[in-house]
Amino acid sequence: MSNHRPFVGIIVLILSTWALSSLDAGGKWLMQFGLSLAALSWVRYLIHAVLVLAFTLPTRGPAIFKSKQMKFQVLRGALVLSATMTFFSALSYLPQAEATAINFLAPLLVLCLAPFFLKEPSRIHRWIAAFCGFIGVFVIVRPDSGLHPLGVMFGLMTATIFSLQFMVTRKLAEDDSMTTLLWTGLVGMALSSVLVFFSLENLAHIVTTYDWLDWAVLASTGVFGTLGHWLQIKAYQNAPASLLAPFVYLQIVAATVLGWIIWRQFPDALSWLGIAIVCGSGVVVSIIEWRDNQAVKRMIRQSLSN
């Protein structure tokens with residue numbers, strides 16, 4: 001991690017939120033017109049694996065496959081595929097902005113679970129932020145919001161799976177980030193290949209009926225998914241995670257814009273209040289974490305200088 005170009009890191013991270021939101025919009029659009037969840041996931045991870053191999057294998061060779069924690073690579077790949085499938089399921093019932101906002105519970109859940117699974121210190125501001133985040137979600141999914149209960153359930157499942165994925169990713173800190181990106185695609189492709197056997201009729205249907213636009217949107221799910229994760233890697237190579245954390249929440253802008261352009265769906269005033277509470281909780285706790293990290297670094301520098 002070089003962490004020496006913070007402005008570049010912020011810009012690249014913002015671009016990643018647009019890429020990942022484009023992936024979400026493409027998946028929602030395709031499922032709306034009958035593509036099965038298994039077929040969508042299979043194509044998305046097939047393209048992901050092919051693209052990463054095409055860019056890394058010529059320069060890295062077989063070493064790109066080597067992992068010091070293979071069991072965690074497989075576990076992470078399975079979690080990423082599960083999160084993809086539950087989030088696409090949520091998107092089939094919910095507007096993109098609201099579904100994305102519910103996902104923002106994941107980083108707050110990580111902060112609360114870290115003391116138990118990662119042996120990190122428990123801090124009161126993390127619990128307060130998580131509590132506020134849950135209040136924000138309750139405002140978004142309130143009974144008169146009109147949101148489908150199944151969509152809300154899938155959204156909460158996605159946030160939970162994402163939080164587990166983030167913690168497993170920390171266990172893979174010693175592995176090359178591109179190795180992790182590759183195994184994400186390979187595991188996702190392998191597992192979804194099993195599932196797609198139950199959707200062969202759906203695959204035959206799209207092969208015979210899809211026009212160029214349908215194929216372009218389907219291919220874009222793999223391209224934007226891979227691009228989004230690659231851009232995230234590049235962002236964290238240019239700026240520290242504590243600095244970038246608040247900017248992750250700008251994905252709500254991309255999700256809202258795409259949701260309005262494609263489906264003319266726009267959150268109402270109370271939904272925006274809930275979104276603001278969720279995002280605000282994440283931003284505030286990120287700033288506190290960044291401030292604490294800076295204080296620790298200053299103490300270390302002072303001790304070394306003495």
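This chain uses plain numbering: 1 for the first residue, then up along the sequence.
- A side-chain donor from one of Ser67 and Asp175 sits under 3.5 Å from a side-chain acceptor of the other.
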Stepwise side chain to side chain contact (heavy atoms under 4.5 Å, CB included) test for Trp183 and Phe65:
CA-CA 8 Å; Trp183 279 109; Phe65 292 95; 4.2 Å; yes
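- Summarising the geometry of Ser271 relative to Arg142, their closest heavy-atom pair is OG-NH1, 3.5 Å, with the distance given to 0.1 Å.
- A side-chain donor from one of Thr180 and Gln73 sits under 3.5 Å from a side-chain acceptor of the other.
- At least one test fails for Arg44 against the ring of Trp42: distance under 6.0 Å to the centre or angle within 45° of the axis.
- Counting all heavy atoms, side chain and backbone alike, Leu108 lies closest to Gly282 at CD2-CA, 4.0 Å.
- Between Phe138 and Phe134, the ring planes lie tilted relative to each other; the angle falls in the 30° to 60° range.
- The environment of Tyr210 atom OH is dense: over 12 non-hydrogen atoms of other residues, nucleotides or ligands sit within 6.0 angstrom.
- Put simply, the side chain of Val152 does not reach to within 4.5 Å of the side chain of Pro149, judged on heavy atoms.
- Paired with Val8 under the rule side chain to side chain contact (heavy atoms under 4.5 Å, CB included), one option of Val12, Ile10, Ile11 passes, and it is Val12.
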Audit row: Arg60, Met178, side chain to side chain contact (heavy atoms under 4.5 Å, CB included) steps and yes/no:
CA-CA 10 Å; Arg60 306 282 188 91; Met178 295 306 293; 3.9 Å; yes
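- Side-chain N/O atoms of Ser192 and Ser41 include no donor and acceptor closer than 3.5 Å.
- Two residues are said to be in side-chain contact when any heavy atoms from C-beta on lie closer than 4.5 Å; Leu94 and Ile102 meet this criterion.
- Heavy atoms only, all atoms of each residue included: Gln165 and Ala83 are closest at OE1-CB, 4.4 Å.
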Side chain to side chain contact (heavy atoms under 4.5 Å, CB included), that's the test. Do Ile275 and Thr256 meet it? Break it down for me.
CA-CA 11 Å; Ile275 291 171; Thr256 302; 5.6 Å; no
Where do Thr184 and Tyr45 land on the side-chain hydrogen bond (donor to acceptor under 3.5 Å, both in side chains) test, with the steps shown first?
CA-CA 8 Å; Thr184 297; Tyr45 284 102; over 6 Å; no
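- For the pair His48 (side chain) and Met189 (backbone), a donor-acceptor distance under 3.5 Å is absent.
- Residues Leu81 and Val187 are not in side-chain contact: their nearest non-hydrogen atoms beyond the backbone lie 4.5 Å or more apart.
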Leu111 vs Val285, test: side chain to side chain contact (heavy atoms under 4.5 Å, CB included). Steps then yes/no.
CA-CA 9 Å; Leu111 292 175; Val285 76; 3.7 Å; yes
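- Side-chain contact between Arg76 and Lys171 is absent, with no heavy atoms from C-beta onward closer than 4.5 Å.
- Side-chain N/O atoms of Gln251 and Trp18 include no donor and acceptor closer than 3.5 Å.
- When ring centroids are compared, Phe87 and Phe154 stay outside the 6.0 Å threshold.
- No donor-acceptor pair closer than 3.5 Å links the side chain of Asp214 to the backbone N or O of Leu30.
- The two residues Leu51 and Gly222 make their nearest non-hydrogen contact at CD1-O, 4.3 Å.
- Closest heavy-atom contact between Ala159 and Ala106: O-CB, 3.4 Å.
- Judged by distance alone, with hydrogens and angles left aside, the side-chain atoms of Trp263 form no donor-acceptor pair with the main-chain N or O of Pro95 at under 3.5 Å.
- Under a hydrophobic-cluster definition in which Ile, Leu, Val, Met, Phe, Trp and Tyr are linked whenever side-chain heavy atoms come within less than 4.5 Å, directly or via other members, Val50 and Trp215 are assigned to the same cluster.
- Listed here is the closest heavy atom pair of Trp272 and Phe266: NE1-CE2, 3.3 Å.
- Although no hydrogens or angles enter the test, the distance criterion places a donor-acceptor pair under 3.5 Å between the side chain of Arg264 and the main chain of Trp260.
- Met157 is not listed as a side-chain neighbour of Thr160, based on a closest heavy-atom distance of 4.5 Å or more.
- Looking at heavy atoms from C-beta onward, Arg5 lies out of side-chain contact with Gln237 at the 4.5 angstrom threshold.
- Taking hydrophobic clusters as Ile, Leu, Val, Met, Phe, Trp and Tyr residues chained together by side-chain heavy-atom distances below 4.5 Å, Val284 does not share a cluster with Ile124.
- When the side chains of ILVMFWY residues are joined at heavy-atom separations under 4.5 Å, either directly or via intervening members, Leu105 and Leu270 end up in two distinct hydrophobic clusters.
- If you check the side chains of Asp24 and Ser21, you find no donor sitting under 3.5 Å from an acceptor.
- Note: Phe33 and Trp29 meet the aromatic proximity criterion, with ring centroids under 6.0 Å apart.
- Val137 and Ile128 fall into different hydrophobic clusters, defined by Ile, Leu, Val, Met, Phe, Trp and Tyr side-chain heavy atoms under 4.5 Å apart, directly or through other members.
- Linking Ile, Leu, Val, Met, Phe, Trp and Tyr whenever their side-chain heavy atoms come within less than 4.5 Å leaves Leu147 and Ile135 in two separate clusters.
- Side-chain atoms of Thr179 come within 3.5 Å of backbone atoms of Ile64 as a donor-acceptor pair (strictly under, hydrogens ignored).
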